Visitor: 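Structure below; questions to follow.
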Amino acid sequence: MEKVILIRFGEIFLKGKNRGFFEKVLVENIKEKLKEFDAEVVKIPGRYIVQKYRESDEIDILETLEKIPGIFSFSKSAKIVTDLNKIEELSVELMKDKKGTFKVETNRADKTLELNSMQISAKIGGKILAVNKNLKVDVKKPETTLFIDIREDKTTFIYENVIFGVGGMPVGTSGSGLILLSGGIDSPVAGYMMAKRGVKVAAVHFHSYPYTSNFAREKVEELAKIISAYTGKMTIFMVSMTELQEQINAKCDSSYMITLLRRGMFTIAERLAKKYKKKMIITGESLGQVASQTIESMTVVSEVVKDTPIIRPLVAFDKCETIDIAKKIGTFETSIKPFEDCCTVFLPESPIVRPNLYLTKKEQEKIDFDEIINRAFESIEVVEIG
Ligand code: ATP
Ligand code: MG
């Protein structure tokens, strides 16, 4: 008997002809994530297994697998050669100290066996009962379920627990995108959600140093580090909006500060997307959440983006739904640390809630928008995370 971790993948099954590609990307992602451990990742029909790892690494490996998109579920499992007597013997051994109710659930991909899955479950359940008098069968709501997974290749896996992964699709199977990553609650969640749909994400962060501190920047790096457990290594482009904000502040109607600043952000985001071949811009916007997220604001701001789709995975989310996910993925505590965002610098008393494009462009013409953007673009810093 060998101790292994049995991995099942989810939506990959739906992918018909592409299945080979999805499976290949997923196994590469798993290997990359587990490379710090001395473990072997192998593919068997319909499953992956992690084997030959150090016992002391087991918990860390399980926690790592829990964050890899494309993994549906996994189990710590015993692996043996398919032989009904051996399966029976090990099942009895594994259940010998249990109490309460149980059932045996068999999945038989190996159709060469004489008994079908129901018969195997019944036979093994009977043996377990004969040896352990503290157990009773309950097929509806058992306290313990012993799973027996008999694969095509003459290996059988026996396990009790199923741990659910994030599901979704392997990162890298849906192209790549650029997330506008602030230090807030929403954008890290948006990045995670798109990684879960298979998007390889890079991030862009806008700051107004020295009006915003280094702490704001460290916070973003910390958030990127947390989500990189799901997305894999992540590049952050750090962009200064200081000059743009100073110019808007000096020359434009102050109620347009956020609208013009955001037009600057999206202009730079699209340039970065083109330069680094990112197929989409991702944001954490949610309709109506704040003044800058009315449909009119979103329209006037995204008008600067000419031919890159803008994906807003949280557009229909309530804040509390986003917070639930932020807590689940571990970004919430970092996101709520106090910090200044560039959007909070030079904050107007009454930002325009429903801007119109004509008037916004008139305000924009009061500054050297294109040149300021060029300079900001030229001074971008690149930070690698993960
Ligand atoms: P978040 O919680 O993500 O900060 P928010 O509720 O504060 O969002 P806004 O400030 O209107 O809302 O920002 C909307 C979106 O614009 C963010 O989710 C993010 O994608 C992007 N964004 C805002 N500020 C920045 C920034 N400083 N750098 C990068 N992206 C930003
Ligand atoms: Mg914010």
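In listed order, ligands and their atoms are each counted from 1. In this text, all values refer to a predicted model and were calculated from it rather than measured experimentally.
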Visitor: Look at atom 29 (C) of ligand 1 and say which protein heavy atom is nearest, naming residue and atom and giving the distance to 0.1 Å.
Guide: L181 O, 3.2 Å
Visitor: Answer yes or no for R262: is there a heavy-atom contact with ligand 1 below 4.0 Å?
Guide: yes
Visitor: Looking only at protein heavy atoms, which one is nearest to atom 9 (P) of ligand 1, and how far off is it?
Guide: Q293 NE2, 3.4 Å
Visitor: With a 4.5 Å heavy-atom cut-off, do K3 and K76 have their side chains touching?
Guide: no
Visitor: Please determine whether a side-chain nitrogen of the Lys or Arg among R263 and E303 lies less than 4.0 Å from a carboxylate oxygen of the Asp or Glu.
Guide: yes
Visitor: If you look at every heavy atom in R312 and T283, which pair is closest and at what distance?
Guide: CG-OG1, 3.5 Å
Visitor: Under the 4.0 Å line, does any protein heavy atom show up next to atom 13 (O) of ligand 1?
Guide: yes
Visitor: Give the residue and atom name of whichever protein heavy atom lies nearest to atom 17 (C) of ligand 1, and the separation in Å to one decimal.
Guide: G284 N, 3.9 Å
Visitor: Tell me, which protein residue and heavy-atom name are nearest atom 21 (C) of ligand 1, and how many Å apart are they?
Guide: L180 CB, 3.8 Å
Visitor: For atom 5 (P) of ligand 1, which candidate among I258, D186, I282 holds the nearest heavy atom?
Guide: D186
Visitor: Below 4.0 angstrom, N of the basic side chain to O of the carboxylate: do D57 and R54 qualify?
Guide: yes
Visitor: Just let me know how V290 lines up against ligand 1, side chain, backbone, both or neither, with a heavy-atom cut-off below 4.0 Å.
Guide: side chain
Visitor: Hey, what's the ring geometry for F147 with Y159, parallel, tilted or perpendicular (30° and 60° as the breaks)?
Guide: parallel
Visitor: Specify the protein heavy atom at minimum distance from atom 28 (N) of ligand 1: its residue, its atom name, and the distance to 0.1 Å.
Guide: F206 N, 3.0 Å
Visitor: For atom 1 (P) of ligand 1, which protein heavy atom lies nearest, and how many Å away is it?
Guide: S182 OG, 3.3 Å
Visitor: With a 4.5 Å cut-off on side-chain heavy atoms, are K233 and E384 touching?
Guide: no
Visitor: Do F9 and F22 have ring centres separated by under 6.0 Å?
Guide: no
